[in-house]
Amino acid sequence: MEEIMSQTADQGFESVFTLEATQLKYGIGAADELGWEAKRLGLRHVILVADPMLHQFGLIERIEGILAASGITFDRFEDIHVEPTIDSFARAAAFAEAHPCDGFIALGGGSTIDTAKVANLISTHGGAVIDYVNPPIGGGRKPPGPLRPLIALPTTSGSGSEATTVAVLDIPELKVKSGISHRYMRPTLAMVDPALARTTPAGVTASAGLDVICHAVESYISKPFNQRPKPASPDDRPPYQGSNPVADIWSLQAIEFGGKYLARAVADGEDYEARGTMMLGATMAGIGFGTAGVHIPHACAYPIAGLKHVYHAPGYSRNHAFVPHGFSVIVTSPAAFRYTYDAAPEKHIRAASLLRGHDIENPGPDSLPAALIDLMKAVGAPSGIAELGYTEADIPAIIDGALKQQRLLAGSPKPVDAGILETILRQSMRNW
């Protein structure tokens with residue numbers, strides 16, 4: 001803080017950071033208050049964007065009953081693609097344009113919530129999905145004004161999408177993933193009810209929880225906000241602003257929760273304390289990284305998930321080969337954090353100690369990677385990129401895709417180029 005306060009605004013570097021957090025309602029039974037919250041926001045007719053898998057647990061019917069009892073009508077959209085594509089987003093947007101509403105409710109994991117965000121964006125302000133995708137892949141168009149209210153009810157403990165400005169999508173023809181990001185896309189309200197995550201398969205909980213941990217660690221050790229160039233205007237200040245004292249608080253708590261509760265949440269779906277705390281951790285990490293940003297592991301994750309679809313993840317449909325987001329992120333995180341260690345050793349060691357639950361003896365560059373690898377083993381994560389179907393011959397293509405994620409790589413606390421990425425990816429072929 002002394003360094004921040006001593007900085008003058010005329011040095012050409014940023015001197016301001018913002019925190020624009022989603023309103024949060026948390027706890028068992030929170031979902032029962034959906035009707036009251038929707039009416040408070042003035043909603044009368046909504047689009048319910050729901051993961052169709054939730055029918056088997058009666059969750060969609062439960063939410064529809066709550067809405068009906070409150071006198072709120074709805075149209076349901078459930079053509080949700082796990083790891084959404086540009087085409088699946090376009091279908092959701094077309095549905096929203098054909099069914100006028102005054103707000104959205106999203107029931108599901110990150111894919112569902114991201115789908116609702118983009119349906120809201122396009123149906124409110126028009127245009128094609130690619131117009132808003134981050135450059136250089138898309139047009140980087142900014143929405144000219146606020147969107148309609150969006151209430152997010154997450155059913156997994158991972159993406160933190162209920163608290164972020166981002167919607168992630170796969171563009172198969174380019175064999176890459178990218179995103180749409182703007183502060184107007186942040187949900188209006190996150191209703192986080194641990195009871196909604198009880199039926200999530202263990203493999204899904206593992207992948208989602210590892211995403212929580214990567215969100216939190218990446219944002220905590222990202223380039224500090226005051227080392228970024230000062231924007232020309234407040235409108236040009238990116239949602240991912242760099243680490244700062246407020247975002248660090250959210251990220252650190254999420255790291256601690258992950259270390260303490262993730263393995264328990266994977267082992268037992270009835271462990272409400274573990275699954276509920278991981279859901280809260282996901283939202284807290286979303287607030288942290290939604291302000292500070294993520295960097296190397298997420299930049300690598302997009303091409304890792306987009307280039308090949310041969311991996312069958314435990315807990316997901318066997319008819320759909322793909323790499324879940326949390327697994328695509330975690331496989332490069334040990335090597336990435338080994339590289340960034342000397343930019344902020346004390347932060348890396350603190351993150352490692354929170355994951356371990358105790359102080360680190362003989363701390364060094366491998367302390368955080370080792371803590372992550374032990375957690376990966378404990379929850380059944382893939383050992384590295386090779387287990388996802390890649391060989392060293394694929395590394396150049398992954399590098400090419402990662403270098404397109406400059407919005408993310410700009411947040412790394414150390415410079416990143418093709419040579420650095422090659423070293424990280426080679427180390428990540430197998431972490432054990």
Engineer: For the pair Thr22 (side chain) and Pro187 (backbone), establish whether a donor and an acceptor sit closer than 3.5 Å, ignoring hydrogens and angles.
Structural biologist: yes
Engineer: Keeping the roles fixed (side chain from His325, backbone from Asp211), state whether a donor-acceptor pair exists under 3.5 Å.
Structural biologist: no
Engineer: Counting C-beta onward and ignoring hydrogens, is there a side-chain heavy-atom pair between Val166 and Tyr240 closer than 4.5 Å?
Structural biologist: yes
Engineer: Hey, is Arg350 close enough to Glu346 for a salt bridge, meaning N to O under 4.0 Å?
Structural biologist: no
Engineer: Side chain of Asp193, backbone of Ala31: donor and acceptor closer than 3.5 Å?
Structural biologist: yes
Engineer: Return the CE to CG distance between Met191 and Leu189, rounded to the nearest 0.5 Å.
Structural biologist: 5.5 Å
Engineer: Please evaluate residues Glu270 and Arg275 with respect to the criterion salt bridge (charged side-chain N to carboxylate O under 4.0 Å, His left out), reporting the C-alpha separation (whole Å), side-chain torsions for both, the decisive distance (0.1 Å), and the verdict.
Structural biologist: CA-CA 8 Å; Glu270 301 293 335; Arg275 290 213 167 183; over 6 Å; no
Engineer: Check the pair Glu37, Lys25 against side chain to side chain contact (heavy atoms under 4.5 Å, CB included), reporting the backbone distance first and the verdict last.
Structural biologist: CA-CA 10 Å; Glu37 292 289 357; Lys25 175 168 283 192; 2.5 Å; yes
Engineer: By the definition side-chain hydrogen bond (donor to acceptor under 3.5 Å, both in side chains), identify the one residue from Glu218, Lys414, His348 that meets it with Thr340.
Structural biologist: His348
Engineer: Do Asp170 and His309 pass the side chain to side chain contact (heavy atoms under 4.5 Å, CB included) test, and can you show the C-alpha distance, the side-chain angles, and the key distance before you say yes or no?
Structural biologist: CA-CA 12 Å; Asp170 189 6; His309 299 85; 3.5 Å; yes
Engineer: Could you tell me whether the side chain of Ser367 and the main chain of Gly364 form a donor-acceptor pair under 3.5 Å?
Structural biologist: yes
Engineer: Mind checking whether Tyr316 and Ser207 have side chains closer than 4.5 Å, heavy atoms only?
Structural biologist: yes
Engineer: Going from CD on Glu162 to CD1 on Ile151, what distance comes out if it is rounded to the nearest 0.5 angstrom?
Structural biologist: 13.5 Å
Engineer: Do the side chains of Phe104 and Pro149 get nearer than 4.5 Å, heavy atoms only?
Structural biologist: no
Engineer: Give me the ring orientation class for His215 and Phe289: parallel if the planes are under 30° apart, tilted from 30 to 60°, perpendicular past 60°.
Structural biologist: parallel
Engineer: I'd like to check Leu388 versus Val331 (side-chain heavy atoms, cut-off strictly below 4.5 Å). Are they in contact?
Structural biologist: yes
Engineer: Find out whether His298 and Gln405 are in side-chain contact, i.e. whether some heavy atom of one side chain is under 4.5 Å from a heavy atom of the other.
Structural biologist: no
Engineer: Taking it one step at a time, do Arg148 and Ser123 satisfy side chain to side chain contact (heavy atoms under 4.5 Å, CB included)?
Structural biologist: CA-CA 10 Å; Arg148 284 166 283 184; Ser123 63; 2.5 Å; yes
Engineer: Is it the case that the side chain of Asn134 and the backbone of Gly179 share a donor-acceptor pair, with hydrogens and angles ignored and the cut-off at 3.5 Å?
Structural biologist: yes
Engineer: CZ/Arg356 to CG/Leu375 distance, rounded to the nearest 0.5 angstrom?
Structural biologist: 9.0 Å
Engineer: For a salt bridge (charged side-chain N to carboxylate O under 4.0 Å, His left out) check, start with the C-alpha distance between Glu387 and Arg430, then their side-chain angles and the critical distance, and finish with the verdict.
Structural biologist: CA-CA 8 Å; Glu387 193 171 332; Arg430 292 174 182 82; over 6 Å; no
Engineer: Between the side chain of Asp114 and the main-chain N/O of Ser111, is any donor-acceptor distance below 3.5 Å?
Structural biologist: no
Engineer: Checking Thr85 side chain against Ser88 main chain: does a donor-acceptor pair fall under 3.5 Å?
Structural biologist: yes
Engineer: Check the surroundings of atom CG in Asp417: do more than 12 heavy atoms from other residues, nucleotides or ligands lie under 6.0 Å from it?
Structural biologist: yes
Engineer: Regarding Asp51 and Thr112, is there a side-chain donor-to-acceptor distance under 3.5 Å anywhere?
Structural biologist: no
Engineer: Grab the two heavy atoms, one from Phe17 and one from Pro245, that are nearest each other, plus how far apart they are.
Structural biologist: CE2-CD, 3.9 Å
Engineer: So do Tyr390 and Leu425 actually touch side chain to side chain, heavy atoms under 4.5 Å?
Structural biologist: no
Engineer: Are any side-chain N or O atoms of Arg186 and backbone N or O atoms of Ala163, one a donor and one an acceptor, separated by less than 3.5 Å?
Structural biologist: yes
Engineer: Heavy-atom distance under 4.5 Å between the side chains of Ser178 and Lys404, does that happen here?
Structural biologist: no
Engineer: Which one of Asn431, Leu210, Ile213 satisfies the side-chain contact (heavy atoms from CB on, under 4.5 Å) criterion with Leu372?
Structural biologist: Ile213
Engineer: I would like to know whether Lys260 and Glu256 meet salt bridge (charged side-chain N to carboxylate O under 4.0 Å, His left out); could you show each step before the answer?
Structural biologist: CA-CA 6 Å; Lys260 187 174 183 179; Glu256 183 178 359; over 6 Å; no
Engineer: Test side chain to side chain contact (heavy atoms under 4.5 Å, CB included) on Ile296 and Thr332; report intermediate values, then the result.
Structural biologist: CA-CA 8 Å; Ile296 299 173; Thr332 62; 5.6 Å; no
Engineer: If I take atom CD1 from residue Ile287 and atom CH2 from residue Trp250, how far apart are they, to the nearest 0.5 angstrom?
Structural biologist: 4.0 Å
Engineer: Please determine whether side-chain hydrogen bond (donor to acceptor under 3.5 Å, both in side chains) holds for the pair Thr188 and Gln23, giving the CA-CA distance in whole Å, both sets of side-chain angles, and the decisive distance to 0.1 Å.
Structural biologist: CA-CA 6 Å; Thr188 310; Gln23 184 181 359; over 6 Å; no
Engineer: Assess whether side-chain hydrogen bond (donor to acceptor under 3.5 Å, both in side chains) is satisfied between Thr18 and Gln241, documenting all intermediate values.
Structural biologist: CA-CA 8 Å; Thr18 66; Gln241 302 162 48; 2.7 Å; yes
Engineer: Please name the pair of heavy atoms, one in Ala232 and one in Asp236, separated by the smallest distance, quoted to 0.1 Å.
Structural biologist: CB-OD2, 3.7 Å
Engineer: Backbone N or O of Ala274 within a donor-acceptor pair of the Asp271 side chain at under 3.5 Å?
Structural biologist: yes
Engineer: Do Lys308 and Asp394 make a side-chain contact, defined as non-hydrogen atoms from C-beta onward lying under 4.5 Å apart?
Structural biologist: yes
Engineer: Provide the closest heavy-atom pair for Gly108 versus Leu54 in the form atom of the first, atom of the second, distance.
Structural biologist: CA-CD1, 4.1 Å
Engineer: Locate the shortest heavy-atom distance separating Pro297 from Phe337; write the atom from each residue and the value.
Structural biologist: CG-CZ, 4.1 Å
Engineer: In Å, rounded to the nearest 0.5 Å, how long is the span from CG of Asp131 to NE2 of His125?
Structural biologist: 13.5 Å
Engineer: Between Ser219 (side chain) and Ala216 (backbone), is there a donor-acceptor pair under 3.5 Å?
Structural biologist: yes
Engineer: List the atom of Lys117, the atom of Leu147, and the distance in Å for their closest heavy-atom pair.
Structural biologist: O-CD1, 4.3 Å
Engineer: As a quick check of understanding, evaluate side-chain hydrogen bond (donor to acceptor under 3.5 Å, both in side chains) for Thr205 and Thr200, giving each step before the final call.
Structural biologist: CA-CA 6 Å; Thr205 300; Thr200 305; 4.9 Å; no
Engineer: Stepwise, does the salt bridge (charged side-chain N to carboxylate O under 4.0 Å, His left out) test hold for Asp87 with Arg91?
Structural biologist: CA-CA 6 Å; Asp87 291 336; Arg91 291 194 298 272; 5.6 Å; no
Engineer: So with a 6.0 Å cut-off around CE of Met429, is the heavy-atom count from everything else above 12?
Structural biologist: yes
Engineer: Sequence neighbours excluded, which residues qualify as side-chain hydrogen bond (donor to acceptor under 3.5 Å, both in side chains) partners of Ser243?
Structural biologist: none
Engineer: Which heavy atom of Met185 sits nearest to which heavy atom of Val118, and what is that distance?
Structural biologist: CE-CG2, 4.4 Å
Engineer: Which value, rounded to the nearest 0.5 Å, describes the distance between Phe95 atom CZ and Asp79 atom CG?
Structural biologist: 10.0 Å
